[in-house]
There are 2 protein chains.
Amino acid sequence: MAVSIKDVAREAGVSIATVSRVLNDIDVVNEETKKKVLDAIKDLGYRPNIVARSLKTQRTKTIGILVPDISSQVYPEIVRGAEDVANIYDYNIILCNSDYDMDKEKEYLRVLKEKMVDGLLYMSISLEEKTINLVNDLDLKTVLVETKDEKGIFPSVTIDDIQALYDSTKYLIDKGAKKIAFIGTKQEEVNAVTKRYKGYEKALLENGLELDEDLRYFDGFKVKTGYNGIEKFLESKKDFDAVVCSSDEIAMGAINALRDHGKRVPEDVSVIGFSNINMSEVFYPKITTVAEPMYDMGSIAMRMLIKLVNKKEVEQQHYILDHKIVERNSCK
Amino acid sequence: MAVSIKDVAREAGVSIATVSRVLNDIDVVNEETKKKVLDAIKDLGYRPNIVARSLKTQRTKTIGILVPDISSQVYPEIVRGAEDVANIYDYNIILCNSDYDMDKEKEYLRVLKEKMVDGLLYMSISLEEKTINLVNDLDLKTVLVETKDEKGIFPSVTIDDIQALYDSTKYLIDKGAKKIAFIGTKQEEVNAVTKRYKGYEKALLENGLELDEDLRYFDGFKVKTGYNGIEKFLESKKDFDAVVCSSDEIAMGAINALRDHGKRVPEDVSVIGFSNINMSEVFYPKITTVAEPMYDMGSIAMRMLIKLVNKKEVEQQHYILDHKIVERNSCK
DNA sequence: TTGAAAGCGCTAACAC
DNA sequence: GTGTTAGCGCTTTCAA
């Protein structure tokens with residue numbers, strides 16, 4: 001077994017209580033004894049056992065992060081922001097991929113609780129009743145990122161998704177687009193990405209443009225969705241001069257489909273993306289998109305969570321960060 | 001405090017030992033008592049405290065993963081593979097971003113040890129002497145992914161980087177390229193990516209092609225590197241008809257630079273990438289690249305690590321997975 | 001300023 | 001088949 005606090009105590013000729021005190025910078029331990037202990041720690045190469053400490057203090061200094069899929073494009077950035085902040089405050093993160101699978105999600109939640117994480121960063125599906133109850137039962141301090149629960153019970157860090165899509169649609173309208181199509185996720189699913197459609201709808205309606213069933217396509221948020229969406233529009237033979245997408249990957253798929261079918265972007269059709277993932281400015285043409293501050297969402301959420309965990313005041317329960325349109329070359 | 005094993009014991013009218021036994025499926029606990037215990041567990045909503053269990057068993061069922069940066073393109077995929085396997089065996093992962101920073105790395109290693117992770121998946125820099133010693137001192141069961149230590153002390157899962165670059169270069173040669181440039185990482189750094197240059201060199205030499213200092217560029221592995229590399233080549237006024245890149249992002253940057261300077265890919269210059277990240281087939285033109293099985297690297301490594309942790313035999317110490325060239329549209 | 005000892009929640013050796 | 005108990009490594013109260 002590794003060297004424990006006992007060994008240090010023996011080596012330093014003091015009690016384990018004293019060792020514990022210097023370990024935790026507590027009280028006024030006599031400078032000399034302190035030095036003895038420090039020396040012993042060094043000599044023995046002692047490192048405290050955090051599991052034991054956690055059992056006693058009921059705090060593990062680790063935070064659970066639940067994401068749908070770390071190998072998709074937006075989450076790594078958010079997680080990175082979160083981890084950086086966690087690291088500053090000496091927390092570590094346990095990463096879990098839910099795949100939007102409720103059962104997997106529940107199991108993770110339970111295990112996270114069993115492992116006594118101090119808090120949870122949740123960015124999977126929009127929390128519905130059942131999950132809310134579970135999180136409550138589990139009594140996990142939770143902050144939602146890029147999503148919200150219906151009732152706003154949990155603190156959250158998001159952007160205004162509806163407004164963001166409204167803005168991107170409006171951007172196209174202001175540029176003179178008349179027939180604007182939409183590609184996004186299935187509407188049955190309840191999450192932030194889903195809501196984006198509403199912004200599109202609103203912008204069209206408010207600006208006297210017609211909603212055309214043939215010019216919207218609901219599926220996922222991957223490249224394939226964008227590609228298929230365009231093919232569907234083309235098949236419908238309806239004219240369209242712009243496409244609003246609810247992710248950058250969709251935009252890429254859309255642009256590729258357009259190109260494959262002999263349409264030029266942005267000359268024939270403008271395409272606007274969403275999120276501003278790294279690749280959107282590497283793609284050709286560079287994608288005009290509405291940027292959400294992914295890294296910041298992660299870091300702000302983690303900062304808030306850590307405050308919550310330590311029972312500090314948080315200034316706000318719901319952070320709504322700014323989005324902004326990044327003009328590049330996919331819209332004319 | 002949450003409900004503990006004691007509460008369950010009391011509720012079921014048995015001893016905590018018995019509860020522990022049914023929890024761990026041990027011995028032949030009488031079916032009736034077992035039922036009583038199970039009922040009590042259910043009634044009380046009891047969930048074992050894994051921290052306490054870990055302290056006792058000295059196993060935490062969690063694995064540390066050290067990556068340079070989860071928000072870069074290849075690691076999410078590897079981590080995803082690793083997490084999926086971990087999940088199957090009821091392990092969780094603690095994710096750490098090292099940024100190739102030795103100090104950060106060492107600190108993480110220490111904390112991971114303090115938190116008693118059962119093992120470590122390491123995919124940062126190629127392990128050099130100092131880090132090796134630390135890992136040894138810490139006595140962490142370790143598997144390296146996408147990298148190796150000089151002496152091959154640690155088990156590893158990699159591809160044959162040199163051969164892979166050799167193959168991609170050879171591919172270009174076979175297609176008739178005569179003046180082949182190279183863009184990759186700085187040669188001072190010691191890691192897998194760095195070695196890739198050697199494969200390029202070897203292919204040129206073995207095939208009677210000349211190495212031209214003006215036609216190689218060493219910097220990083222991001223898009224920018226590829227872009228700058230091309231500009232340097234162009235400035236040198238040397239002719240080149242193909243570019244070998246040690247990452248797909250480099251290839252993207254290179255292609256963009258070529259386009260910006262009026263060169264067509266692949267008509268004027270062929271460009272081959274490395275890794276086969278998702279985006280390489282979304283990019284325009286679709287990138288021909290040598291694919292490394294990222295997800296598999298992660299999952300195989302995790303499987304091996306879990307075996308090691310459980311003192312099971314591993315069939316192999318060093319897995320070298322197959323790479324293969326994926327032909328798309330960036331080479332003629 | 002320091003030490004003794006209880007106890008965090010669990011497993012496992014030992015006894016019955 | 002079941003219970004008692006020691007102890008994993010630490011923090012913290014209480015007493016000295």
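Residue numbers start from 1 in every chain, and the chains themselves are labelled A, B, ... in the order their sequence lines are given, proteins ahead of strands. Just so you know, these numbers use all the heavy atoms, side chains as well, and skip hydrogens, waters and symmetry mates.
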Side chains of [X] and [Y]: do they bring a donor and an acceptor to under 3.5 Å?
X         : Y         : result
Lys115(B) : Asn92(A)  : yes
Tyr89(A)  : Asn310(A) : no
Tyr108(B) : Asn87(A)  : yes

Starting from [atom2] on [N], measure out to [atom1] on [X] and report it in whole angstrom.
X        : N       : atom1 : atom2 : answer
Leu55(B) : dC8(D)  : CG    : P     : 9 Å
Arg59(A) : dT12(D) : CZ    : C1'   : 15 Å
Lys56(B) : dG7(C)  : NZ    : C1'   : 15 Å
Leu44(B) : dG9(C)  : CG    : P     : 14 Å

For residues Arg59(B) and Asp118(B), report the shortest heavy-atom separation together with the two atoms involved.
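Taking Arg59(B) first and Asp118(B) second, the nearest heavy atoms are CA-OD1, 3.4 Å.
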Side chain [X], main chain [Y], donor-acceptor under 3.5 Å:
X         : Y         : answer
Asp149(A) : Phe154(A) : yes
Asn49(B)  : Val51(B)  : yes
His318(B) : Val157(B) : no

Would you call Lys42(B)-Glu11(B) a salt bridge at under 4.0 Å N-O?
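No salt bridge links Lys42(B) with Glu11(B).
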At a heavy-atom distance below 4.0 Å, what parts of residues 29-42 of chain A sit against DNA chain D?
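Hits under 4.0 Å, by residue number: none.
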Close approaches to DNA chain D from residues 4-26 of chain A, in residue order (heavy atom, under 4.0 Å)
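The answer is Ser4(A), Ile5(A), Lys6(A), Ile16(A), Ala17(A), Ser20(A), Arg21(A), Asn24(A).
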Taking only side-chain nitrogens and oxygens of Arg53(B), does any of them come within less than 4.0 Å of OP1 or OP2 of dT11(C)?
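Yes, because at least one side-chain N or O of Arg53(B) sits under 4.0 Å from OP1 or OP2 of dT11(C).
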